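Order of the sequence lines sets the chain letters (A, B, ...), proteins ahead of strands, with each chain counted from 1. Because the structure is predicted, anything quoted here is derived from the model rather than measured.
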Number of protein chains: 2
Amino acid sequence: MDKILVPADDTVHGTVTLEDVARVAGVSRATVSRVVNGKATVAPALRKSVEKAIAAMGYVPNLAARSLVTRSTGSIALAVSDMSAGQIFFDPFFGRVVNGVTQAVRPRSVQLVLALVDDEPSRRQLLSFLRQGHVDGVILVSTHADDPLPAELARAKVPAVLAARPPEPLPLSFVEVDQRAGVFLAVDHLVALGHTRIATVTGPQDSSSGRERLAAFRERLAHHDLSESGCAEGDFTQVSGAAAMRTLLERAPDTDAVFVASDLMALGAVTVLHRAGRRIPQDLALVGFDDSSIALACDPPLTTVRQPVEAMAAQLAELLLEQIISPQYPQSRIFQPELIVRDST
Amino acid sequence: MDKILVPADDTVHGTVTLEDVARVAGVSRATVSRVVNGKATVAPALRKSVEKAIAAMGYVPNLAARSLVTRSTGSIALAVSDMSAGQIFFDPFFGRVVNGVTQAVRPRSVQLVLALVDDEPSRRQLLSFLRQGHVDGVILVSTHADDPLPAELARAKVPAVLAARPPEPLPLSFVEVDQRAGVFLAVDHLVALGHTRIATVTGPQDSSSGRERLAAFRERLAHHDLSESGCAEGDFTQVSGAAAMRTLLERAPDTDAVFVASDLMALGAVTVLHRAGRRIPQDLALVGFDDSSIALACDPPLTTVRQPVEAMAAQLAELLLEQIISPQYPQSRIFQPELIVRDST
DNA sequence: GTGAAAGCGCTAACAC
DNA sequence: GTGTTAGCGCTTTCAC
């Protein structure tokens with residue numbers, strides 16, 4: 001009884017139960033539960049005294065107990081599946097995803113569980129974690145095309161949404177940027193500026209975005225009756241961008257413009273260009289992809305194709321949350337990219 | 001009964017319970033529980049048949065039920081508290097923290113819940129989340145010195161560890177890099193190179209690391225009988241680093257070396273220097289702090305003070321996990337930084 | 001070594 | 001409107 005004297009702030013969770021509150025407030029557990037969950041059907045007077053008791057006792061509901069009966073946890077997982085998931089945060093792109101998802105779920109008091117998957121054991125661990133029902137669903141950011149995870153999620157019937165179109169059709173909702181339109185924007189811009197010797201630094205060709213961007217690049221060049229001046233593959237890292245640029249400089253020295261498939265790789269390319277004494281954009285123009293914070297870190301600031309990542313991430317959360325509330329047919333949402341012209345072209 | 005025929009892969013979590021497994025294996029729930037939790041006291045024959053039933057039925061334990069009785073969840077929170085928590089991932093520093101923590105908890109099958117705190121509501125939300133016991137503890141990365149969160153965590157008696165020394169003494173374990181030693185390394189290096197007109201771009205002075213680095217900078221300069229050539233405050237962002245560098249160039253044009261309190265700010269400074277036609281390191285030498293991936297993104301690659309962030313993050317997880325298993329006296333661990341000499345000095 | 005039984009704290013019918 | 005009651009699926013004494 002003297003628990004009432006204990007200030008709420010000092011209360012260790014789990015000490016005070018619904019039952020305790022009910023006893024003190026002189027009502028039943030059900031009534032307290034109704035008040036806690038904001039159900040309308042409680043007389044103002046009772047509600048008042050329950051609220052008082054709750055405050056006085058520092059009552060905090062036990063999530064495990066609640067979730068045991070409601071079969072929902074109030075949290076979702078954000079899984080990043082990549083061979084080098086540990087390096088993933090070096091690309092500000094992922095920070096934007098985390099941020100977008102966080103902002104979207106916050107008003108609903110949904111928590112985010114972060115899972116980095118970079119090998120077989122960690123994949124199994126994630127799968128079993130999901131099956132144990134510790135989260136209500138999962139947003140999967142999977143970068144390589146042969147990742148078995150999307151298919152496994154579909155089979156496991158875990159509510160899931162993907163941050164990209166799956167390589168093969170899967171009964172899963174996904175969100176994507178119109179890669180093709182984005183690349184067209186970049187190429188058209190370069191062509192309009194009068195460039196004719198256009199090369200590209202591609203993303204890894206075992207990732208769908210890497211592949212799609214390269215295909216679109218070639219398609220658009222052909223559309224303009226141009227052939228590619230050069231092509232070097234990177235893996236979306238800065239170092240690989242630098243290496244690819246060096247290759248290009250060597251193999252196709254007369255290139256006058258380069259479409260680089262990510263801003264981070266473009267940053268690597270910029271450094272190589274500086275060292276080689278090539279001025280940007282006078283000697284060589286550069287267009288990136290993403291419009292992450294890295295685009296502004298380039299010198300000169302990078303012209304790039306903007307993906308509305310935050311909005312896409314929010315949409316991802318949206319789709320998942322809907323899916324969780326009531327199972328529905330998989331849906332997809334395509335976002336349009338935008339060309340951001342800065343000083344590198 | 002024909003559940004046995006259902007392939008494990010198709011099993012939706014929650015369908016099969018301990019009880020079901022027990023019935024099929026012809027044992028009691030207690031025995032199944034023992035097998036699942038790897039208790040030794042089970043006859044090999046029974047264990048065998050239980051395992052068979054589990055596999056056949058695709059049984060997955062229900063975490064909520066388990067956690068209701070064990071009062072532990074198998075997950076911890078990583079909370080980032082900052083006015084601009086959303087921007088936090090633009091600094092690769094935080095990626096390293098996430099990565100270090102992830103790697104450390106993975107072998108123990110502990111999950112990571114990410115919480116970004118950037119305003120009053122989100123702070124209250126985190127606090128109540130922690131009190132509800134949905135995680136067993138929290139690692140707090142708090143950047144500003146007047147953050148009430150550390151004290152609140154201590155009062156709430158939530159197992160917690162801090163990624164930096166708290167401004168005022170608190171009964172909480174923490175991990176930190178020896179800021180002073182790191183700055184000394186940087187200053188001594190510059191002095192040894194013959195620089196005498198040394199300025200600094202500081203971190204925000206409402207953050208402890210920002211303050212400590214500035215204080216150490218001045219202390220070490222004095223030790224060498226030097227006075228600072230200039231001082232401009234940034235907020236650890238690239239943009240602020242650029243602005244601060246511009247200020248310095250204007251107010252103290254004869255500066256021949258600058259200690260910049262973070263790599264990201266140094267990146268901003270580099271750009272400004274290029275534009276101003278100052279060569280690095282011939283006209284002006286630059287030393288950063290952190291050794292994040294940004295240091296290599298600089299042109300020239302940045303000499304910087306390396307914080308062993310991954311190791312620190314792992315230690316943080318370690319301390320928290322120990323704390324959770326058995327409450328102990330708060331401990332602190334100090335890590336030694338290291339000077340990484342590259343081409344900017 | 002194994003099983004029976006008692007809850008963990010909560011929600012949701014269902015009566016009143 | 002409000003209380004009573006019956007579990008949710010699991011772990012864990014405590015007998016056997």
CG (A/L116) and CZ (B/R106) are apart, to the nearest 0.5 Å, by 6.0 Å
Nearest-Å distance for atom pair CG/P, residues A/L63 and C/dG9:
14 Å
In terms of side-chain heavy atoms of B/R34, which of D/dC14, D/dT4, C/dA5 is nearest?
D/dC14
Taking only side-chain nitrogens and oxygens of B/N37, does any of them come within less than 4.0 Å of OP1 or OP2 of D/dT11?
yes
What is the separation between atom CG on B/N62 and atom C1' on D/dT11, rounded to the nearest whole Å?
13 Å
A/D82 and A/V117: side chain to side chain contact (heavy atoms under 4.5 Å, CB included), yes or no, with the steps?
CA-CA 6 Å; A/D82 187 89; A/V117 176; over 6 Å; no
Whole-Å distance separating the CD atom of B/E19 from the C1' atom of C/dA4
12 Å
So, is B/S33 near the phosphate of D/dT11, with a side-chain N or O under 4.0 Å from OP1 or OP2?
yes
Does the side chain of B/T102 come under 3.5 Å of the side chain of B/N99 through a donor N or O and an acceptor N or O?
no
Between atom CZ of B/F174 and atom CZ of B/R333, what is the distance when rounded to the nearest 0.5 Å?
11.0 Å
Ignoring backbone atoms, test whether B/T17 places a side-chain nitrogen or oxygen under 4.0 Å from the OP1 or OP2 oxygen of D/dG9.
no
The side chain of B/A30 is closest to which nucleotide in this list: D/dC10, D/dT12, D/dG7?
D/dT12
Knowing that exactly one of A/T17, A/V16, A/V21 qualifies, which makes a side chain to side chain contact (heavy atoms under 4.5 Å, CB included) with A/E19?
A/T17
Does the side chain of B/T31 get closer than 4.0 angstrom to OP1 or OP2 of C/dT2 through an N or O atom?
no
Rounded to whole Å, the NZ-P distance (B/K39 to D/dC10) equals 15 Å
Nearest heavy atom decides the nucleotide; on that basis, is B/V27 or B/A65 closer to the 5' end of DNA chain C?
B/V27
Hey, is the main chain of B/K39 close enough, under 3.5 Å, to the side chain of B/N37 for a donor-acceptor pair?
no
Within residues 42-50 of chain A, residues whose heavy atoms come under 4.0 Å of DNA chain C:
none
Would you say B/R29 reaches D/dT12's phosphate, i.e. side-chain N/O to OP1/OP2 under 4.0 Å?
no
Nearest-nucleotide 5' precedence on DNA chain C, B/L68 against A/R66:
B/L68
Output the rounded distance in Å from CZ (A/R71) to P (C/dA12).
12 Å
Taking only Lys NZ, Arg NE, NH1 and NH2, and the carboxylate oxygens of Asp or Glu, determine whether A/E152 and A/R123 approach each other closer than 4.0 Å.
yes
Taking NE2 from A/H134 and C1' from D/dC10, how many angstroms apart are they, rounded to a whole number?
14 Å
